[in-house]
Amino acid sequence: MKAKKRKLSLADWVDVRQASGRYAFSREEALKELPLSRQAFDRSATRLAEKKRLARVYRGLYAIVPLEYSAAGITPAEWFVGDLMAHLREQYYVGLLTASAYHGAAHQRPQTFQVVAGRPLRPVECRGVAIKFFYKMSLDSTPQERMLGPTGYLPVSTAEGTAFDLLRYVRRIGGLDRVLTVLQERGEKIDAGKLCQAAEQSHCAAHAQRLGWLLERAKFGSKVDGLVRWLKIAKPLPAKLDPALPLRGSHFEQRWQLWINTSVEGDLD
């Protein structure tokens with residue numbers, strides 16, 4: 001007589017999923033593959049969460065916690081952000097200070113994982129891990145590349161696209177001093193030709209004016225000759241280095257058509 005085949009439990013299914021390199025799943029995925037009712041799934045998931053084997057990172061979405069992260073009870077955001085955005089059915093890219101860290105600015109790794117999305121989204125927080133969203137109407141206006149994370153490839157803004165985004169969201173990432181520090185650390189990764197392409201895609205000459213001045217301030221003036229030529233063709237209006245501050249006491253930089261209305265200091269000055 002044949003032995004009766006044992007039904008797979010949620011705990012067993014989680015082990016199999018982790019073994020295949022997947023570290024997140026939705027309730028719907030599990031219910032399709034397991035002989036569990038919704039109520040039974042919720043009870044099993046709660047027990048696994050109490051054991052810090054699972055973490056509920058969003059409504060209906062769970063992260064699998066491997067042994068090395070059991071003390072924290074959650075994996076880093078980059079382990080499950082792709083599954084989260086697929087669950088939300090949203091296009092996205094890893095950006096700003098998190099992208100800067102991917103490009104080698106290790107001292108600029110933020111406490112929150114920073115993601116740019118195509119619509120406003122509330123932050124996601126779970127057991128000390130947080131994802132902060134920045135809204136951009138057109139994600140295609142920022143050049144991106146695929147970079148390898150712990151569980152697969154992630155879309156990440158390029159070094160040039162990241163630099164423009166840092167200025168777009170300057171108030172939310174720590175101000176111009178923070179932008180300058182990033183450029184001081186990893187300005188050598190910026191490609192002069194790609195910088196002009198990113199400027200054209202950004203549709204904001206004022207960001208290009210500010211970025212050119214900051215790159216010179218960061219001692220990467222060799223990167224900006226093409227940007228100067230691009231701005232001469234674009235013929236932008238004079239802009240303020242800090243758009244939120246008045247002009248009082250400022251001086252005008254003819255090369256960038258920029259009013260320098262604040263002092264900027266990087267950590268590497």
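Please read all numbers here as calculations on a predicted model, not as lab measurements. All values below come from the heavy atoms of this structure, side chains included, with hydrogens, waters and symmetry mates left out.
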Trainee: Is it true that Arg27 and Glu29 have a side-chain N and a carboxylate O under 4.0 angstrom from each other?
Mentor: no

Trainee: Calculate, to the nearest 0.5 Å, the distance between atoms CG and OG1 belonging to Asp42 and Thr46 respectively.
Mentor: 6.5 Å

Trainee: Is it true that a side-chain atom of Ser70 and a backbone atom of Gly73 form a donor plus acceptor pair closer than 3.5 Å?
Mentor: no

Trainee: Can you tell me if Ser250 uses its side chain to pair, donor with acceptor, with the backbone of Asn261 under 3.5 Å?
Mentor: no

Trainee: I need the single residue from Val179, Leu180, Thr181 that forms a side-chain contact (heavy atoms from CB on, under 4.5 Å) with Val264. Which is it?
Mentor: Leu180

Trainee: What heavy-atom pair brings Leu237 and Gln209 nearest, and what distance separates the two atoms?
Mentor: O-NE2, 3.3 Å

Trainee: Between Asp15 and Arg53, does any side-chain N to carboxylate O distance fall below 4.0 Å?
Mentor: yes

Trainee: What are the two closest heavy atoms between Ile260 and Glu253, and how far apart are they?
Mentor: CG1-CG, 3.5 Å

Trainee: Restricting to ring pair (Phe, Tyr, Trp, His ring centres under 6.0 Å), what partner residues turn up for Trp230, sequence neighbours left out?
Mentor: none

Trainee: To the nearest 0.5 Å, what is the distance between CZ on Arg168 and NE2 on His207?
Mentor: 5.0 Å

Trainee: Between Ala239 and Arg210, what is the shortest heavy-atom contact and its length?
Mentor: CB-NH2, 4.3 Å

Trainee: State whether the side chain of His103 and the backbone N or O of Ser157 hold a donor-acceptor pair below 3.5 Å, judged by distance alone.
Mentor: yes

Trainee: Under 4.0 Å between a Lys/Arg side-chain N and an Asp/Glu carboxylate O for Glu216 and Lys223?
Mentor: no

Trainee: To the nearest 0.5 Å, what is the distance between OG1 (Thr98) and OH (Tyr93)?
Mentor: 12.0 Å

Trainee: Any idea which heavy atoms bring Leu183 and Ala163 closest together, and the distance?
Mentor: CD2-CB, 4.3 Å

Trainee: A cation-pi test, strictly: NZ or CZ of Arg122 under 6.0 Å from the centre of the six-membered ring of Phe133 and no more than 45 degrees from its axis. Yes or no?
Mentor: no

Trainee: Test side-chain contact (heavy atoms from CB on, under 4.5 Å) on Leu166 and Arg178; report intermediate values, then the result.
Mentor: CA-CA 9 Å; Leu166 290 173; Arg178 195 77 179 269; over 6 Å; no

Trainee: Minimum heavy-atom separation for Glu145 to Thr158, with atom names?
Mentor: OE2-CA, 3.6 Å

Trainee: Go through the steps to decide whether Ser44 and Arg47 satisfy the test side-chain hydrogen bond (donor to acceptor under 3.5 Å, both in side chains), and finish with yes or no.
Mentor: CA-CA 5 Å; Ser44 296; Arg47 286 195 295 270; 3.2 Å; yes

Trainee: Rounded to the nearest 0.5 Å, what's the gap from CG on Leu215 to CG on Leu195? Could you check?
Mentor: 6.5 Å

Trainee: Tell me, please, which residues at least two apart from Arg119 pass salt bridge (charged side-chain N to carboxylate O under 4.0 Å, His left out).
Mentor: Glu90

Trainee: Could you work out, with salt bridge (charged side-chain N to carboxylate O under 4.0 Å, His left out) as the rule, every residue matching Arg56, not counting sequence neighbours?
Mentor: none

Trainee: Between the main-chain N or O of Lys194 and the side-chain N or O of Glu160, is there a donor-acceptor pair closer than 3.5 Å?
Mentor: no

Trainee: How far apart are the C-alpha atoms of Tyr169 and Lys136, what are their side-chain angles, what is the distance that settles it, and do they pass the side-chain contact (heavy atoms from CB on, under 4.5 Å) test?
Mentor: CA-CA 10 Å; Tyr169 303 101; Lys136 179 180 278 190; 3.4 Å; yes

Trainee: Is the closest basic N to carboxylate O distance between Asp225 and Arg255 below 4.0 Å?
Mentor: yes

Trainee: Step by step, work out the salt bridge (charged side-chain N to carboxylate O under 4.0 Å, His left out) result for Glu265 and Arg217.
Mentor: CA-CA 9 Å; Glu265 299 294 332; Arg217 177 75 174 75; 3.4 Å; yes

Trainee: Can you name the salt bridge (charged side-chain N to carboxylate O under 4.0 Å, His left out) partners of Arg171, sequence neighbours left out?
Mentor: Asp242

Trainee: When you look at Leu96 and Thr162, which way does the side-chain contact (heavy atoms from CB on, under 4.5 Å) test go after all the steps?
Mentor: CA-CA 6 Å; Leu96 302 155; Thr162 300; 5.7 Å; no

Trainee: Do you know the tightest heavy-atom contact between Thr112 and Lys132?
Mentor: OG1-CB, 3.9 Å

Trainee: How is the hydrophobic cluster of Phe252 composed, in terms of its other members, when Ile, Leu, Val, Met, Phe, Trp and Tyr link through side-chain heavy atoms under 4.5 Å apart, directly or indirectly?
Mentor: Leu247, Trp259

Trainee: Taking side-chain contact (heavy atoms from CB on, under 4.5 Å) as the definition, give me every residue that meets it alongside Val129, ordered by chain and number, with sequence neighbours left out.
Mentor: Ile74, Ala77, Phe80

Trainee: Less than 4.5 Å apart, side chain to side chain, heavy atoms only: is that true for Leu34 and Leu10?
Mentor: yes

Trainee: For residues Asp83 and Tyr62, is any side-chain donor paired with an opposing acceptor at under 3.5 Å?
Mentor: no

